Amino acid sequence: MTTVRTPADWPVTEEEARAVQDRLRTRVVRDEPGPPPGTGRVTGVDVAYDDERDVVAAAAVVLDAATLDVVAESTAVGRVPFPYVPGLLAFREIPAVLAALDALPCPPGLLVCDGYGLAHPRRFGLASHLGVLTGLPTIGVAKNPFTFTHEEPDPPRGSSSPLLAGSEEVGRALRTRHAVKPVFVSVGHRVSLDNACAHTLALAPRYRLPETTRRADALCRRALAGAAPAGHSVRGECGA
DNA sequence: GCGACAG
DNA sequence: ATCTTGTCGC
């Protein structure tokens with residue numbers, strides 16, 4: 001596990017954070033299909049918090065896309081760098097996630113994020129932000145529809161319906177299990193929406209959520225449980 | 001102005 | 001996200 005220090009230039013106010021999003025959103029690449037599902041590697045990233053102790057823990061878990069076996073994993077902990085504000089989730093999660101990705105011993109391949117990409121008030125959610133900063137293909141798989149609207153997909157696994165911001169399709173409500181609440185898929189960076197949905201289905205053969213997010217969620221919770229309170233130094237590590 | 005709102 | 005017991009089902 002590695003420790004993270006919040007970057008000195010990290011946004012402090014909501015206004016600064018929105019300005020960063022407006023500046024970086026132009027760099028999202030939308031005209032690439034992305035890697036074919038079932039090939040290469042797929043990496044899940046997730047973050048857990050203890051706001052009382054001001055601690056954040058991130059995990060990255062690399063899976064073989066064909067077998068869904070774990071190939072590598074890493075964690076990072078640090079202080080919570082930004083409050084939770086709807087639309088600004090990325091500023092809370094990204095420093096720790098980048099540190100976990102840096103600590104991986106192999107290339108991550110496609111990144112699967114817990115949250116949204118283009119389905120975002122300014123079309124620049126966590127998945128798109130991580131994609132632009134790393135250059136990696138990314139998708140977002142969220143558990144809730146956020147502010148968007150959708151019709152109920154048909155019951156069979158694989159059915160989907162458009163996730164709409166007004167009349168614009170910003171993502172898809174995708175059924176990964178028969179008659180179970182859908183997940184909400186959106187494009188992050190360098191992946192098409194069709195391909196993002198295909199990846200999501202390939203990663204969720206048994207449970208509602210993709211194996212990538214299930215593994216990353218379990219790992220970051222373990223890392224959080226084992227983390228020292230912020231500002232507490234151990235063996236030379238500087239917390240404050 | 002009020003409520004809703006990824007994690 | 002996180003706080004939380006038992007319970008129904010494969």
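All figures in this text were calculated on a predicted structure; none of them were measured in a lab. Residue numbering restarts at 1 for every chain, and letters A, B, ... go by the order of the sequence lines.
Regarding contacts with the backbone of dG7(B), a side-chain N or O of K143(A) is found under 4.0 angstrom from either OP1 or OP2. A close approach under 4.0 Å does not occur between any side-chain nitrogen or oxygen of R92(A) and OP1 or OP2 of dA6(B). Dashed line: the shortest gap from a side-chain N or O of N144(A) to OP1 or OP2 of dG7(B) is under 4.0 Å.
Residue-level contact check: L88(A) touches the bases, meaning some heavy atom is under 4.0 Å from a base atom. Contacts of D51(A) with the nucleic acid, taken as non-hydrogen atoms under 4.0 Å apart, are absent. At a threshold of 4.0 angstrom between heavy atoms, the contacts of R206(A) with the nucleic acid are absent. Among the atoms of the strands shown, only primed sugar atoms or phosphate atoms (P, OP1, OP2) are found under 4.0 Å from some heavy atom of A48(A). Residue contacts for G87(A): at a heavy-atom cut-off of 4.0 Å it reaches a base atom on one of the strands shown.
Between L118(A) atom CG and dA6(B) atom P there is a gap of 18 Å when expressed in whole angstrom units. The separation between D50(A) atom CG and dT2(C) atom P is 9 Å, rounded to whole Å. The nearest whole Å value for the distance from the CD atom in E93(A) to the P atom in dA6(B) is 12 Å. Note: CZ (F146(A)) to C1' (dA1(C)) measures 14 Å, nearest angstrom. The CD1 atom of I94(A) sits 17 Å away from the P atom of dA1(C) (whole-angstrom rounding). Rounded to a whole Å, the CG atom of L126(A) is 16 Å from the C1' atom of dC5(B). Taking atom OH of residue Y49(A) and atom P of nucleotide dA1(C), one finds them 10 Å apart after rounding to whole Å. Remark: P of dT2(C) and CG of D114(A) are 10 Å apart, rounded to the nearest angstrom.
Taken from CZ in F146(A) to CZ in F184(A), the straight-line distance is 13.0 Å, to the nearest 0.5 Å.
Using a 4.0 Å cut-off between charged nitrogen and carboxylate oxygen, R18(A) and D22(A) do not count as a salt-bridge pair. Look at D46(A) and R215(A) and you find no salt bridge, because none of the NZ, NE, NH1 or NH2 atoms lies under 4.0 Å from a carboxylate O.
Looking at R190(A), its side chain does come within 3.5 Å of a backbone N or O of G135(A) through a donor-acceptor pair.
You'll find that the side chain of T147(A) is closest to dC5(B), out of dG7(B), dA1(C), dC5(B).
Both thresholds, 5.5 Å between centres and 30° between ring planes, are met by Y84(A) relative to the base of dG7(B), so the two rings are stacked.
When every heavy atom of L88(A) is checked against every heavy atom of A17(A), the shortest pair comes out as CD2-CB, 3.9 Å.
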